[in-house]
Number of protein chains: 2
Amino acid sequence: MLKPSDEKYLRAIYQISQSENTGKSTISELAYYLELKPPTVLERLKILEQEKYITYTKTDGIHLTRSGQKQALNVVRKHRIWETFLHKVCKFSWSEVHELAEQLQTVNSEKLIDRIFMLSGEPKFDPHGDPIPDKSGTLPASERRPLLNSIEGCRCTVLGVNEDSAEFLNYLSELKIGLNEKLVVEKIFAFDGTLKVRFKNAETALLSSKVAEKIMVSCTKPGCLCGK
Amino acid sequence: MLKPSDEKYLRAIYQISQSENTGKSTISELAYYLELKPPTVLERLKILEQEKYITYTKTDGIHLTRSGQKQALNVVRKHRIWETFLHKVCKFSWSEVHELAEQLQTVNSEKLIDRIFMLSGEPKFDPHGDPIPDKSGTLPASERRPLLNSIEGCRCTVLGVNEDSAEFLNYLSELKIGLNEKLVVEKIFAFDGTLKVRFKNAETALLSSKVAEKIMVSCTKPGCLCGK
DNA sequence: ACAAAAAGTTAGGTATACCTAATATATTTA
DNA sequence: TAAATATATTAGGTATACCTAACTTTTTGT
């Protein structure tokens, strides 16, 4: 049986690997994420490695094994279901849910998660737009489409790009839009199709239709009519 | 700020003091209740005493201070609200709720408790019939009446007795009915008013109307028509 | 009332989860 | 490519929450 703090580690490793394009995590990132010091993290990683949840080498970083990935996805599932419940059923704001879900995710009852999931209307995405894995660890399929096909109010996640010229990628990195970024389409200017998007929950940017055409996203707003 | 394990101690001390007629708890009872060894408990009690939540002397046992009582009632509140939510909203059985509530009670959010409380219909009693203290630590008033005035299906808690002859008290202790015992009235025999009651969640007893007249209880079944 | 049993206490040990400071190894940049 | 910087690692320390074994005090039963 996994301890609560093991679950935190696995979820953190998973989250970091998702937000990196390399898919690898380092000790200092993990330490920063977990608000611990690197020696503490290293010590624990050795145990997680013995238990075959991860592999770790200095050069190659931290990777989840198949078994570790399965566990991690289960924790992610619990976490995102709690977040959704807190937001939709208990009416907590977007920004309050994370910390509470962190605590609730440690509660050990598959049955409780099932009930909470039902009470929340069996959602496919959490309030941040992140997909909720099913019990077998499968993420819900999401339709990949250009950001350009959005409608106002659409919430979506960046899955990738359709062009990899340095100019384009530099431009995106200048805007600080990366893989898995969550975007909210605030306004679409009919004149030339420019999109005003909000992201990192605060910043906004104006994207020309030429750029928006090349950013591939999936919509995470339930019932959204975008791309139709 | 109280640690989760402090909360367990305070709740346990409160619970034990409720089920004893002396109102005092001992180290070994507490150790048994918490599934710990006496030296562990003693060690911790010294800290709780320093922090002014309890007083402890070998001869006088463990007592909650005013501040300790306030904390304990708050934990009891959280625990019983979770139990009710699990039972009424999540449809867990009577017997499953305790252990889960124990875990959930450690989650630190007054606001969450408020929401869960609302979702459960602002109950006055938990699924075991125990009263839920309000935020200021006040227990809901319960009407004191003889067990005799019950109707079938009535669930109630023993508050005391109306006679203290040794014969009567010995008889009750023989039946293993004590203070705060929860009783379910299973059947009333019209012939002579004998009551069949179930308690300790398993045992049953037949009580003559003479006995039932002298056992004072309060009903904890919402909307029950007993005593009317 | 005194021996036996129970309860409380002390002393000392283990495991864990964290830390800091110092050292070693990579990586970056001039 | 060497120096500067960042990251990883080792060694060793602290606090806590538990334990067992041995001893002391209190309670109980004859």
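Every chain is numbered from 1 and lettered A, B, ... according to where its sequence line falls, protein lines coming before strand lines. Only this structure's heavy atoms are used, side chains among them; waters, hydrogens and symmetry mates stay out. All values derive from a computational prediction rather than experimental measurement.
The side chain to side chain donor-acceptor pair (under 3.5 Å) test applied to B:Thr59 returns no partner, not counting sequence neighbours. For B:Asn108, there are no side chain to side chain donor-acceptor pair (under 3.5 Å) partners two or more places apart in sequence or in a different chain. Legend: residues meeting side chain to side chain donor-acceptor pair (under 3.5 Å) with A:Thr57, ordered by chain and number and at least two apart, are absent. Checked against side chain to side chain donor-acceptor pair (under 3.5 Å), B:Asp6 has the following partners two or more places apart in sequence or in another chain: B:Arg44. Partners of A:Arg11 by salt bridge (Lys or Arg N to Asp or Glu O under 4.0 Å), not counting sequence neighbours, listed by chain and number: A:Glu102. B:Glu186 meets the salt bridge (Lys or Arg N to Asp or Glu O under 4.0 Å) test with B:Arg198; sequence neighbours excluded. A:Lys135 pairs by the salt bridge (Lys or Arg N to Asp or Glu O under 4.0 Å) definition with A:Glu110, A:Asp114, not counting sequence neighbours.
On the nucleic acid side, DNA chain D has its first and last nucleotide under 4.0 Å of a heavy atom of chain A at D:dT7 to D:dT10, going 5' to 3'.
A side chain to side chain donor-acceptor pair (under 3.5 Å) check over residues 69-79 of chain A, counting only residues at least two apart or in different chains, returns the pairs A:Glu7-A:Lys78, A:His79-A:Glu83, A:His79-A:His98, A:His79-A:Gln105. Listed by first and then second residue, the salt bridge (Lys or Arg N to Asp or Glu O under 4.0 Å) pairs that reach into residues 45-59 of chain B come to none, sequence neighbours excluded.
Only A:Lys3, listed by number, bring a heavy atom of residues 1-10 of chain A to less than 4.0 angstrom from any atom of DNA chain C.
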Please enumerate all protein N or O atoms sitting under 3.5 Å from an N or O of nucleotides 4-9 of chain C, with distances to 0.1 Å.
residue, atom, partner, partner atom, Å
C:dG8, OP2, B:Ser28, N, 2.8
C:dG8, OP2, B:Ser28, OG, 2.3
C:dG8, O3', B:Tyr56, OH, 3.4
C:dT9, OP2, B:Tyr56, OH, 2.6

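More than 12 non-hydrogen atoms from other residues, nucleotides or ligands lie less than 6.0 angstrom from OH of A:Tyr56.
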